[in-house]
Participant: 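Can you keep this structure in mind? I'll have questions shortly.
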Amino acid sequence: MSKGREGAAAGAAAAVLLRYLQEQNRPYSAQDAFGNLQREHGLGKAAVAKALEQLAQQGRIREKAYGKQKIYFADQEQLPAASDAELRGLDGNIAALSTEVQALQQSCRRMEAELKDLNGSMTTPEMAREVEELKKDCASYTEKLERIKSATNHVTPEEKEKATELLDAILEGYPKSKKQFFEEVGIETDEDHNVTLPAAV
């Protein structure tokens with residue numbers, strides 16, 4: 001490429017970059033400016049870096065170094081000053097936007113809480129499975145209860161008390177232990193079957 005073409009390309013890149021920095025009015029690195037403009041304007045990375053350096057040397061933009069990286073931004077003195085009315089308007093916009101941000105943050109927090117609740121709760125298929133399991137358990141317990149109710153070998157508390165008194169009277173004259181007596185006679189106790197009677201109220 002001839003020097004004339006290089007100069008024209010650099011001039012075009014400088015004009016695009018100057019307008020972009022003034023319109024955006026925020027700092028950019030050469031890499032950021034290249035990434036934002038290369039698709040629309042077809043600027044090369046080297047051309048962007050060179051144009052920014054030239055604009056900074058000419059005093060048309062400002063340059064600030066952060067370690068090895070340089071940041072470029074519009075020279076604020078070259079931008080038109082805002083009137084008091086414009087500043088008041090901007091303050092009003094800032095206040096309105098701040099209120100909107102707060103409302104959106106509250107709405108976001110509510111939605112996050114709702115999402116957390118929904119993630120923690122059961123789905124409809126899970127609930128249906130749980131209901132089926134509970135129905136099976138209930139049917140099993142009902143069947144056991146019916147078997148117990150229909151059994152004919154129930155002993156009432158009164159009958160048990162009379163039998164205990166009778167056994168105690170027999171055991172007073174029996175030479176062996178109570179356990180041996182029960183084994184010889186064939187008596188089965190509640191403890192033999194791990195039965196625990198509810199305490200009397």
Side-chain angles (χ1 to χ4, degrees), residues 20 23-40 45 66-69 71 73 88-201:
Y20 180 73
E23 286 173 356
Q24 299 301 313
N25 198 19
R26 53 161 291 189
Y28 289 99
S29 67
Q31 178 63 40
D32 291 338
F34 164 71
N36 294 344
L37 296 171
Q38 60 117 359
R39 183 174 293 178
E40 186 180 346
K45 197 172 187 179
Y66 290 97
K68 293 181 179 180
Q69 190 174 32
I71 302 295
F73 51 94
R88 282 194 296 275
L90 290 171
D91 287 342
N93 287 344
I94 289 169
L97 289 171
S98 295
T99 303
E100 187 178 347
V101 165
Q102 286 179 351
L104 288 169
Q105 285 173 337
Q106 287 177 352
S107 175
C108 187
R109 280 194 290 270
R110 279 196 302 272
M111 285 190 274
E112 283 173 351
E114 187 177 341
L115 178 61
K116 189 176 179 182
D117 287 344
L118 289 171
N119 285 336
S121 60
M122 296 172 81
T123 63
T124 302
E126 287 172 341
M127 203 167 284
R129 283 195 295 273
E130 184 74 15
V131 167
E132 285 305 312
E133 288 297 319
L134 290 171
K135 281 181 180 177
K136 285 178 188 173
D137 289 346
C138 189
S140 172
Y141 294 141
T142 303
E143 186 183 333
K144 283 181 185 175
L145 183 60
E146 288 303 319
R147 279 202 308 269
I148 291 168
K149 284 181 179 177
S150 63
T152 56
N153 60 350
H154 286 300
V155 177
T156 65
E158 292 81 13
E159 290 171 329
K160 183 176 179 183
E161 189 176 337
K162 285 180 186 175
T164 303
E165 288 174 5
L166 183 61
L167 284 171
D168 287 342
I170 293 169
L171 288 169
E172 279 181 21
Y174 187 72
K176 297 180 184 177
S177 70
K178 183 178 181 180
K179 185 175 180 184
Q180 288 172 324
F181 174 72
F182 283 179
E183 285 174 1
E184 286 179 15
V185 178
I187 296 173
E188 294 179 345
T189 64
D190 293 338
E191 290 79 10
D192 293 334
H193 296 281
N194 295 322
V195 173
T196 305
L197 294 176
V201 180

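Keep in mind the model is a prediction, meaning the values are calculated, not measured. As a basis for the values below, the full set of heavy atoms in this structure was taken, side chains included, without hydrogen atoms, waters or symmetry mates.
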Participant: Say you draw a straight line from CZ of Arg26 to CD1 of Ile71; how long is it, rounded to the nearest 0.5 Å?
Facilitator: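 Answer for the CZ-CD1 pair, Arg26 versus Ile71, is 9.5 Å.
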
Participant: Tell me, please, which residues at least two apart from Lys45 pass side chain to side chain contact (heavy atoms under 4.5 Å, CB included).
Facilitator: Gln31, Phe34

Participant: Quick one: NZ on Lys136 to CD on Glu133, what's the gap to the nearest 0.5 Å?
Facilitator: 5.0 Å

Participant: Determine whether Asp32 and Ser29 satisfy the following criterion, side-chain hydrogen bond (donor to acceptor under 3.5 Å, both in side chains), listing intermediate values before the conclusion.
Facilitator: CA-CA 5 Å; Asp32 291 338; Ser29 67; 3.2 Å; yes

Participant: Has Gln38 got more than 12 heavy atoms of other residues, nucleotides or ligands less than 6.0 Å from its CD?
Facilitator: yes

Participant: In Å, rounded to the nearest 0.5 Å, how long is the span from CG of Asn25 to OH of Tyr20?
Facilitator: 12.0 Å

Participant: What pairs with Thr123 under side chain to side chain donor-acceptor pair (under 3.5 Å), at least two apart in sequence or on another chain?
Facilitator: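 Expected list: Glu126.
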
Participant: Hey, can you pull the donor-acceptor pairs under 3.5 Å for the side chains in residues 98-119, sequence neighbours left out?
Facilitator:
residue	atom	partner	partner atom	Å
Ser98	OG	Ile94	O	2.8
Thr99	OG1	Ala95	O	3.0
Asn119	ND2	Leu115	O	3.4

